[in-house]
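Report on the following structure.
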Amino acid sequence: KILNNYLTLKLYQFHYPFEFIVRAISIRMSLTSITVPTTPFGDQKPGTSGLRKKVAVFMQKHYTENFIQSILDAQKDKTKGCTLIVGGDGRYFTTQSINIIIRIASANAVHKLIIGRRGLLSTPAVSSLIRTHKCLGGIVLTASHNPGGIRNDFGIKYNIENGGPAPDQMTDEIYELTGKIKEYKITPDLDCDFQQPGVQQFEVDGREFVVEVIDPVDDYIQLMKSIFDFKKLSNLLSGTETSPPFNVLLDSMNGVTGVYVKRIFLEELGSNQDSAVHIIPLDNFGEIHPDPNLTYAKELVDKVREDSKFDLGAAFDGDGDRNMIIGKNAFFVTPSDSLAVIANNLDCIPYFQTHGVHGFARSMPTGAAVDRVAQKLNKEMFEVPTGWKYFGNLMDAGRLSLCGEESFGTGSDHIREKDGIWAVLAWLSIIAHKQMSVEEILKEHWKIYGRNYFTRYDYEECESEAANKMMNHLESLIDDKNTVGKNFTSCGKTYVIKQIDNFSYVDPIDNSVAKNQGIRVLFEDGSRLIYRLSGTGSSGATIRVYIDSYEKSETTADAQAILKPLVNIGLEISKLKAFTGREEPTVIT
Ligand code: VG1
Ligand code: CO
């Protein structure tokens, strides 16, 4: 024990030359936890991915404490002696919430927390760390693509042992516990700094409690190096004697990917210094709405459109699991197409050469372009509800290698989350291998497979009651015997309803059932309209209308023009304008 204390002290001297004395005392100090009485809040139901609310809600007395205690209680006996990963996108209230987590975890006999320096860890990095350190799970402090800052959103996600988002059974259990919580345990005097890497040991209620602060990128960059050919990528990005550099513009939107982009692209792969913007994580994202789509990442789109030197542009969301890809002159790649193109070219990526390619999957509303690739390559294809948690079991069972969502999420079984940086590296690997531009790759793809035109209309912050009424109206169409076979005509195009239902899913691995996952209107020509209410908003209701249409021969027409008749029909069927009073969507992607 003496030797142990001595070594810890030395470690502190090394990491904290000025603070070591103060800290050395705190190591020896034995801390005691207390039990604090509390009452439930009733609104702590995790949505599609974690609990998201306005910062002010999380700042209420006991609010965050209740939720963290409930997460730990849901793990039952496994909490004792476990290790958890903690980190997030650095948004406002991250520091405060990590302090709460440290104090509550220590009081609940958690053995160790591994925390990203300054509380920073991307969602994919958390997933990877849980796996490499064989942890019980991880707590991710983020509201992902929702805006941050004191007046905006905060969020807490819980990820399980396999690195993936907690499945429905666990989030249901957490919610149930938040509804009956009476007390939480906390170590009020535990002060722990997480600004610099290092190991700190404490004694809480006679038990050892360890906090290890790590560099947020170290583990993740190793993983990327094991997946991709960095030499090849570096030749592409920094250029060689015979080929000029391939110029990228990466927009981290002041979210957490900034630290990863800097290290991986600017330092390791030798991209130009001007190939990355907004790479300093800010607690309000510098007032940027960190959602990588054509509306909120407009600055990137405009820059790439205006400056023909850029060959590829990409943007990420706050917590780094989403990506948007555009080519030269801002040629937009829909996430559904991006998934299909990557699926079709996995042989360009070393990871898949060694691990093999098992099945593919997409969330139900995602355009069906990848289905055609699966069919041609003779791979299993899965259609799951919205949310990355539904991919985990299939990956664990070795039946799924690559999957994606229309909401700018792409990823593989290297971790159990979608992964923005991975997606860009995958695209660059394909480009380096094929020596073609983004646009050429897409056009070649459409020539082979035909084209799925896809768009999504979002109506943000509608009144919940109006949104529910609209969904009820759509429900009623399912029961109406006259719905199937009905014709709708707009702009001279006629569509006939073949099927209408509310999507439900049975997990092929554990047979768990997810019901009410969105109203699907399927037309005779294979086109689809899907209606869902978002599960990630923090106030009001966001209505999402997804429009997917397949054209075998048409390959280059403008997507919004092609989809216009279906959009009109979608509005007609749902009576969206009448119910919500909304003339136009907030965001079109
Ligand atoms: C949205 C997306 C969904 C995604 C989820 C979490 O959910 O549609 O595809 O998995 O966000 O992404 P919803 O319920 O609002 O449609 V992230 O990057 O915000 O964790
Ligand atoms: Co995200």
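Computed over heavy atoms, backbone and side chain alike; hydrogens, waters and symmetry mates excluded. When a ligand or atom number is given, it counts from 1 through the structure's own listing order.
Phe391 and Trp388 have perpendicular rings, their planes meeting at more than 60° on a 0 to 90° scale where under 30° would count as parallel. Classified by interplanar angle (parallel below 30°, tilted 30° to 60°, perpendicular above 60°), the ring pair Phe58/Phe93 is tilted. The aromatic rings of Tyr63 and Phe41 sit perpendicular to each other, their planes meeting at more than 60°, with 30° as the lower class boundary. Taking the six-membered ring where the residue is Trp, Tyr260 and Tyr220 present perpendicular rings, their angle passing 60° and hence far from 30°.
Inclusion of Ser49 in the first shell of the Co ion (ligand 2) is not supported: no N, O or S atom falls under 2.8 Å.
Using a 4.0 Å cutoff on heavy atoms, Arg456 counts as a contact of ligand 1. Ligand 1 lies less than 4.0 angstrom from a heavy atom belonging to Arg52. Distances from ligand 1 to the non-hydrogen atoms of Gly387 include at least one value under 4.0 Å.
Taking the centre of each ring, Tyr351 and Phe228 stay at or above the 6.0 Å mark.
Residue contacts with ligand 1: Ala143 is placed with no nitrogen or oxygen under 3.5 Å of a nitrogen or oxygen of the ligand (distance criterion only). Considering backbone and side-chain atoms together, Glu405 places an N or O closer than 3.5 Å to an N or O of ligand 1.
Below 4.0 Å from some heavy atom of Arg532 lie the following atoms of ligand 1, by number and element: 13 (P), 14 (O), 16 (O). Near Ser49, meaning under 4.0 Å from any of its heavy atoms, are these atoms of ligand 1: 6 (C), 20 (O).
Atom OD1 is the N/O/S atom of Asp321 found closest to the Co ion (ligand 2).
Residue-level proximity to ligand 1 for Thr536 is carried by backbone and side chain together, each with a heavy atom below 4.0 angstrom.
Separation of atoms OG (Ser252) and NZ (Lys262) is listed at 12.0 Å; rounding is to 0.5 Å.
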